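What follows is one structure encoded as structure tokens, with my remarks underneath.
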Number of protein chains: 2
Amino acid sequence: MASQTEENYLKSLFLLANSKGEINLTDLSKMLEISIPTANSMVNKLHEKGLLNYEKYKPLVLTAKGKKEAALIIRKHRLTEMYLVEIMGFGWEQVHEIAEQIEHINSNAFFDRMDELLSFPTIDPHGSPIPDKNGKISWKSYDKLSECKAGQTVKLAALTHSSSDFLKFLNSKGLSLGLKLKIHSIEAFDKSMIVSYHNHKQEQFSQMVSERLLVETTNPNL
Amino acid sequence: MASQTEENYLKSLFLLANSKGEINLTDLSKMLEISIPTANSMVNKLHEKGLLNYEKYKPLVLTAKGKKEAALIIRKHRLTEMYLVEIMGFGWEQVHEIAEQIEHINSNAFFDRMDELLSFPTIDPHGSPIPDKNGKISWKSYDKLSECKAGQTVKLAALTHSSSDFLKFLNSKGLSLGLKLKIHSIEAFDKSMIVSYHNHKQEQFSQMVSERLLVETTNPNL
DNA sequence: ATAATATGTTAGACGTTTCTAACTTTAATT
DNA sequence: AATTAAAGTTAGAAACGTCTAACATATTAT
Ligand SMILES: [Mn+2]
Ligand SMILES: [Mn+2]
Ligand SMILES: [Mn+2]
Ligand SMILES: [Mn+2]
């Protein structure tokens with residue numbers, strides 16, 4: 001239905017809406033690395049197709065239909081990333097570029113089979129939720145490591161950013177999802193943390209890093 | 001480099017050249033289901049790009065560069081088909097449509113990994129050769145079953161056509177590549193054959209069928 | 001050899017997606 | 001409130017891939 005280009009716009013609109021409140025043309029054009037007038041003309045087109053609510057000079061808001069289409073593309077993207085890591089043996093830093101292309105493949109059977117071979121995963125290799133076949137996402141609320149206290153033990157659950165460079169950095173520190181992290185101390189001045197985890201007695205994470213790590217706090221009340 | 005559209009043209013030109021002698025615009029436009037003027041304009045473009053030798057009103061002939069590019073796309077197509085069948089469990093009648101899309105994915109790592117997981121296959125699920133990374137194809141010469149004699153025992157090695165309908169027909173007859181076929185008799189009038197094979201004591205193949213089956217004759221001289 | 005048919009080319013148009021340049025509206029500063 | 005800056009819109013153009021209609025060339029049949 002939607003062209004590859006339209007799909008990329010929908011996906012960006014969806015992702016932007018979930019990280020910022022109101023989306024404007026400037027955000028969209030930056031994310032897609034296109035000029036503002038180009039974004040403007042596509043926005044008009046998506047509006048005419050009933051995928052986006054839009055009035056001149058007002059923020060961009062996906063319709064229910066637009067949100068669902070977007071979520072289904074993100075589903076294909078994240079299923080693909082999971083497949084590439086779990087079945088094909090790629091590193092989590094290698095899969096985004098490939099998934100960016102495969103997400104546009106038109107074949108239910110193909111993605112259903114991936115899903116099956118992965119035993120119906122709910123998160124991708126970076127801890128982001130995989131929307132279900134109806135485009136529904138079950139959001140889990142994680143805490144940023146940077147907002148935890150000294151003494152806490154937490155589990156690394158997801159990432160706020162998944163650039164290849166950041167993922168390579170995490171590899172170099174022996175970090176992967178699911179690891180238990182113990183927070184030993186937090187430097188008041190720069191908020192850097194001293195943490196320990198499997199095979200790592202003492203590592204220092206700058207705030208830049210701890211802000212990008214999402215953790216589950218093992219709640220003693222449950 | 002080449003767009004998805006250009007890639008599909010190159011592939012068609014390559015495949016046509018290997019099944020007919022001289023290719024003309026009409027053949028090309030039929031294969032791609034586009035109008036003749038559209039094919040004509042793309043032919044001019046490919047010529048300008050040095051992928052096709054072309055003079056007005058003359059047959060279409062790929063250059064060495066064009067042939068190599070085409071072979072590498074066919075490599076991706078056939079590797080994908082093999083992967084879908086062998087690793088993902090699809091039937092040989094289901095994979096062409098998906099491969100038609102995945103062949104345009106730009107990622108050496110992705111196809112190299114498929115290749116590796118398949119242990120570097122040389123034929124696809126329909127018995128067609130997979131070009132190597134340099135675009136070289138090692139052609140094997142098979143015989144059409146229709147040209148074999150009564151009494152011969154041969155091995156089903158490949159197909160001349162792989163339409164989904166034909167593949168479903170073969171499924172219904174319990175036929176797959178590698179099967180040994182014994183030719184019991186050939187009806188002189190319509191060239192239909194009575195053959196037997198694993199779990200099938202007696203099946204009749206019309207000439208329409210036997211022409212589409214390529215076999216290896218187990219040569220007693222070797 | 002002429003006529004009929006098949007094949008190929010050119011011209012002109014359209015939808016998509018992109019751009020830059022010029023202009024307008026809204027938001028932020030002073 | 002007036003000015004400046006940021007954000008958004010419009011106009012006009014280009015490349016790509018497609019089409020139909022009209023015309024030209026090559027091949028085949030009579
Ligand atoms: Mn990704
Ligand atoms: Mn994409
Ligand atoms: Mn195929
Ligand atoms: Mn294709």
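What you are looking at is a predicted structure, and each value in this text was computed from that prediction instead of being measured.
Once rounded to the nearest 0.5 Å, the distance linking CG of A:Leu117 with CE of A:Met82 reads 13.0 Å.
Pairing each heavy atom of B:Ala150 with each of B:Ser185, the nearest pair is CB-CA, 4.0 Å. Heavy-atom minimum distance, A:Leu62 versus A:Leu52: N-CD1, 3.7 Å.
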Grab the N/O contacts between the protein and nucleotides 24-29 of chain D below 3.5 Å, and write none if there aren't any.
{"residue": "D:dT25", "atom": "O4'", "partner": "B:Tyr57", "partner atom": "OH", "Å": "3.3"}

Using the 3.5 Å cut-off, write out each protein N or O paired with an N or O of nucleotides 11-15 of chain C and the distance between them.
none

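A salt bridge (Lys or Arg N to Asp or Glu O under 4.0 Å) check over residues 117-128 of chain B, counting only residues at least two apart or in different chains, returns the pairs B:Arg78-B:Asp124. For residues 56-69 of chain B, no residue pair satisfies the salt bridge (Lys or Arg N to Asp or Glu O under 4.0 Å) rule, not counting sequence neighbours. Note on residues 111-120 of chain A: pairs passing side-chain hydrogen bond (donor to acceptor under 3.5 Å, both in side chains), not counting sequence neighbours, are A:Arg75-A:Asp115, A:Asp112-A:Lys133, A:Arg113-A:Glu116.
Taking only side-chain nitrogens and oxygens, A:Ser35 comes nearer than 4.0 Å to OP1 or OP2 of C:dC19. Residue B:Tyr54 places no side-chain N or O under 4.0 Å from the OP1 or OP2 atom of C:dG8. At D:dC16, none of the side-chain N or O atoms of B:Tyr9 fall inside 4.0 Å of OP1 or OP2 (strictly under the cut-off).
Within 4.0 Å of A:Ile36, counting heavy atoms only, lies at least one base atom of the nucleic acid. Heavy atoms of A:Ser3 sit under 4.0 angstrom from primed sugar atoms or phosphate atoms, though from no base atom. In this structure, B:Thr38 reaches the bases: a heavy-atom distance under 4.0 Å links it to at least one base atom across the strands shown.
Within 6.0 Å of the CD atom in A:Glu22, the count of heavy atoms belonging to other residues, nucleotides or ligands does not exceed 12.
Between the side chains of A:Ser163 and A:Asp165, no donor-acceptor pair of N or O atoms lies under 3.5 Å.
Atom-to-atom, CG of A:Asn40 to C1' of C:dC19 comes out at 14 Å; the value is rounded to the nearest Å. The CE atom of B:Met42 sits 17 Å away from the P atom of C:dG8 (whole-angstrom rounding). Distance B:His47 NE2 to C:dG8 P: 16 Å, rounded to the nearest Å. Per the geometry, CG belonging to A:Asp27 stands 13 Å off C1' belonging to D:dA6, to the nearest Å. The CD-C1' distance, from B:Glu6 to D:dA15, rounds to 12 Å in whole Å. Here the C1' atom of nucleotide C:dT16 and the CD atom of B:Gln4 are 15 Å apart, to the nearest Å. Between the P atom of C:dT9 and the CG atom of B:Asn24 lies a distance of 10 Å, rounded to the nearest Å. The separation between A:Ile34 atom CD1 and D:dG8 atom P is 13 Å, rounded to whole Å.
For the pair A:Lys191 and A:Glu147, the salt-bridge criterion is not met [side-chain N within less than 4.0 Å of a carboxylate O]. Ion pairing between a basic and an acidic side chain is recognised when a charged N comes within 4.0 Å of a carboxylate O; A:Lys140 and A:Glu216 show no such pairing. For the pair B:Lys11 and B:Glu100, the salt-bridge criterion is met [side-chain N within less than 4.0 Å of a carboxylate O].
Of the listed nucleotides (C:dT20, C:dT7, D:dC16), C:dT7 has the atom at the smallest distance from the side chain of B:Thr26. With C:dT20, C:dG8, C:dT18 as the candidates, the nucleotide lying closest to the side chain of A:Thr5 is C:dT18. Looking at the side chain of B:Lys45, the nearest of the listed nucleotides C:dC19, D:dG17, C:dG8 is D:dG17.
Heavy-atom distances under 4.0 Å link DNA chain D to no residue of residues 13-21 of chain A.
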Practice problem: Apply ring pair (Phe, Tyr, Trp, His ring centres under 6.0 Å) to the pair A:His77 and A:His96, showing each step before the final yes or no. | Solution: CA-CA 8 Å; A:His77 182 101; A:His96 179 79; 4.8 Å; yes
